[in-house]
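On a predicted model such as this, the values are computed, not experimentally measured, just so you know. Each chain gets a letter, A, B and so on, in the order its sequence line appears, and its residues count up from 1.
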2 protein chains.
Amino acid sequence: MAARPPAGQPATTEGATGRTTSLHVARRAGVSQTTVSLVLNGGGGKAGLSPATQEKVRQAAAELGYTPNNAARNLRRQRTGNLTFLCPDLGNPYFAEVIGAAQAAAAEGGYLLDIIAAQDEAAKLQAIARLRGGISDGVITTAPTTAIWDALRDLSARGIACVTLQDRGDDPAIPAVGVDLEAGGHAATRHLLALGHRRIAHVSGRQSFPLRARERVHGYRRALEEAGLAPDAASIVEVPNSMAGGAEAVAQLLARGTPLPEALFVFNDNMAIGALHALHRAGLRVPGDIAVVGFDGVSLGAFSTPMLTTVEHPRAELGRLAAESVMARLNDPARPAPGALLPGRLVVRESCGARGAAETGKGGARAA
Amino acid sequence: MAARPPAGQPATTEGATGRTTSLHVARRAGVSQTTVSLVLNGGGGKAGLSPATQEKVRQAAAELGYTPNNAARNLRRQRTGNLTFLCPDLGNPYFAEVIGAAQAAAAEGGYLLDIIAAQDEAAKLQAIARLRGGISDGVITTAPTTAIWDALRDLSARGIACVTLQDRGDDPAIPAVGVDLEAGGHAATRHLLALGHRRIAHVSGRQSFPLRARERVHGYRRALEEAGLAPDAASIVEVPNSMAGGAEAVAQLLARGTPLPEALFVFNDNMAIGALHALHRAGLRVPGDIAVVGFDGVSLGAFSTPMLTTVEHPRAELGRLAAESVMARLNDPARPAPGALLPGRLVVRESCGARGAAETGKGGARAA
DNA sequence: ATGAAAGCGCTAACAT
DNA sequence: ATGTTAGCGCTTTCAT
């Protein structure tokens, strides 16, 4: 798109600000600004500009190293051609894969994707405030608190397309794309139950979802109840959402003085890796002494020792659908944008103690 | 900064485009647009606006849910207040830490940081083309190829401040911030030599640095030579830069039919984790059968089995210095912006076979 | 087949 | 202490 100057050497500019503008190109090509705009935006053919004129313009633009000014273009067009991904945790490779797919889908739809890192609520609100200024046409984000939902609704009302990742709200204008966490938590727990474990603890991410019900936990509880276990069999440890947090959870369980659970269902794979590590340090064997199942299927789990059994999320699908949903809304603001609730997939590896390390479908391995 | 509408409910707007502009605020407050601009940008005090007027303006802005339009503001100001981080690999947590620090430093300097993911050269060039349009005031990026350097020089000549991460070029206007990879590679290799290993292979990232000399390798070679080993003792395996690549390297070494090296110096920790995993799969014990040293110090290495000995990069420092360098240039375009070459730090854990798992200083553990 | 002119929303120099 | 005016660089009717 942007023409390159002859040889890395920037061409001399003329304007008041020192920047080369479309007017300079026009003068050099001996045409009007209109023509330049038409040609450079591909409308030259439609408008019936002669090939000669088009060539002159392109030539001049290339010679001057002209690049259109984004601010001016956006101001005039009242849109940016950008989508923004508000990332809650850059350190978790989970999002890298979601973002990659979102970016690819955006590119296909003619949009460019940029990312803003915003871990805590304040950062997210600040980022949303930036978005209100029109820096982007749409946003993909998580929305864990009511304040963020309020801000998103406002954003949406201003014509900026919003879609949430995982978090579901009540505004039909803001669809959600996510995986069925309840079913996932249920599948993970049921798998452990099927392997004969009874005392199964859940390691949860602290403060991860202040607003929404913790669906993994519901699935976990439901599985326990279905197995005829008393509700108080549920044992939940809350720790920070990180590898260190996972290790901390194990430390807490160890410090309790009560016998260790037979199995752990962990909030996500990152934390599960931390738990695996702490268990190893403590001289416990996984899955021999204690079984572990993670959640989300980040590639890291395939490289741990032992390899991690997990409920894999369709991360690329998530990213693609999110981007497509945003673009659908942008293309037709009237029609309600589509959301999606995708199934997770139980991936049986080593850490759960099932013999066959084959990967089974979502139904859960009937291993034991 | 951005005022919130009364109760999540967007206030009725008036303008032709449906957006609330500063003119609406002005009318509502019974003042001029100038006054609104002054007040909302904090210049109200300096310009000597009466507190009453200021209050009126703020009131009106809040009531209308006014947010300044970014495109218009940027166009007028000829700057954006943004910095951009061009991230070559979102999946590697290495960059998450660098970005976090860069973002914090940017915020301190009054800038906001956004991120563009650009893995391959084409994506990077496209991103730089976007930057030429003035979407950001400065950029932090890697610059592994000549085409990218050309594009960066052009960008820099247009007044957009550039700083590279790790890659050093010859343009004084584009400083580099990085760690001393040669010294790091030397320290890692010397550590392995000091532990008594002689046949030490290097697992390198394929195509990682088409342009620049691979400094890790130089350090590696230098250490071998200093130990009196013949230059051809150097054995280098090139694989993709990923965990899977690290595993692949081990597979290649195994397939050679020759005896396995006594030790591996791996390009980065991510790849080293993959190598660790493959070695474990192959029934080899680390460090018993083979020692492994990684590079970069990503937190993951502290949670692997065995824990990874590595050369830790000061990632937060890197990010902070990069952002500060860009801002320094922006604040004073005349003065040459500062670069930095920071030392890595050998962190001795388990995978190398040194007994004491204590972390030693950069000089390298005199362990064996 | 091409050009002239207006205006997107904002800020800042210059009045008053 | 506040208002008037011009213009950032672009796109897009509308006119020729």
statement: Separation of C/dT11 atom P from B/Leu40 atom CG, nearest Å, is 8 Å
message: Without decimals, in angstroms, what is the distance between A/Lys56 NZ and C/dA1 C1'?
response: 11 Å
query: Under 4.0 Å between a side-chain N or O of A/Gln78 and OP1 or OP2 of C/dG7?
result: no
Interatomic spacing from NZ in B/Lys124 to SG in B/Cys87 - rounded to 0.5 Å: 9.0 Å
message: We want to know whether B/Thr84 and B/Asp114 form a side-chain donor-acceptor pair, criterion being a heavy-atom distance below 3.5 angstrom.
response: yes
query: How would you label the contact of A/Gly30 with the nucleic acid (heavy atoms, under 4.0 Å): base, sugar-phosphate, or nothing?
result: sugar-phosphate
task: Tell me which nucleotide among C/dT2, D/dC8, C/dC8 gets nearest to the side chain of A/Ser50.
output: C/dT2
- prompt: Within this structure, what is the CD-to-P distance between B/Glu55 and D/dA1, rounded to whole angstrom?
  reply: 18 Å
statement: In whole angstroms, the gap separating C1' of D/dG7 from CG of A/Leu75 amounts to 12 Å
query: Regarding A/Arg130 and A/Gln126, is there a side-chain donor-to-acceptor distance under 3.5 Å anywhere?
result: no
- prompt: For B/Ala176, which residues count as a side-chain contact (heavy atoms from CB on, under 4.5 Å) partner, sequence neighbours excluded?
  reply: B/Thr164, B/Arg168
field: Between C/dG9 (P) and B/His24 (NE2): distance, integer Å
entry: 8 Å
- prompt: NA contact type, A/Gly133, heavy-atom cut-off 4.0 Å: base, sugar-phosphate, or nothing?
  reply: nothing
Could you go through residues 96-105 of chain A and list every donor-acceptor pair under 3.5 Å that involves a side-chain atom there, pairing it with any protein atom two or more places apart or in another chain?
unit_1	atom_1	unit_2	atom_2	d
A/Glu97	OE1	A/Arg315	NE	3.0
A/Glu97	OE1	A/Arg315	NH2	3.0
A/Glu97	OE2	A/Arg315	NE	3.2
A/Glu97	OE2	A/Arg315	NH2	3.3
A/Gln103	NE2	B/Ala117	O	3.0

message: With a 4.0 Å cut-off on N to O distance, would you call A/Asp137 and A/Arg329 a salt bridge?
response: no
message: Would you say A/Thr53 places a side-chain N or O within less than 4.0 Å of OP1 or OP2 belonging to C/dA1?
response: no
All N/O pairs under 3.5 Å across the protein-nucleotides 10-14 of chain D interface:
unit_1	atom_1	unit_2	atom_2	d
D/dC10	OP1	A/Tyr66	OH	2.5
D/dC10	OP1	A/Asn69	N	3.1
D/dC10	OP2	A/Ser22	N	2.5
D/dC10	OP2	A/Ser22	OG	3.2
D/dT11	OP1	A/Asn41	ND2	3.2
D/dT11	OP1	A/Arg73	NE	2.8
D/dT11	OP1	A/Arg73	NH2	2.9
D/dT11	OP2	A/Ser37	OG	3.2
D/dT11	O2	A/Arg76	NH1	2.4
D/dT12	O4'	A/Arg76	NH2	3.3
D/dT12	O4	A/Thr34	OG1	3.0

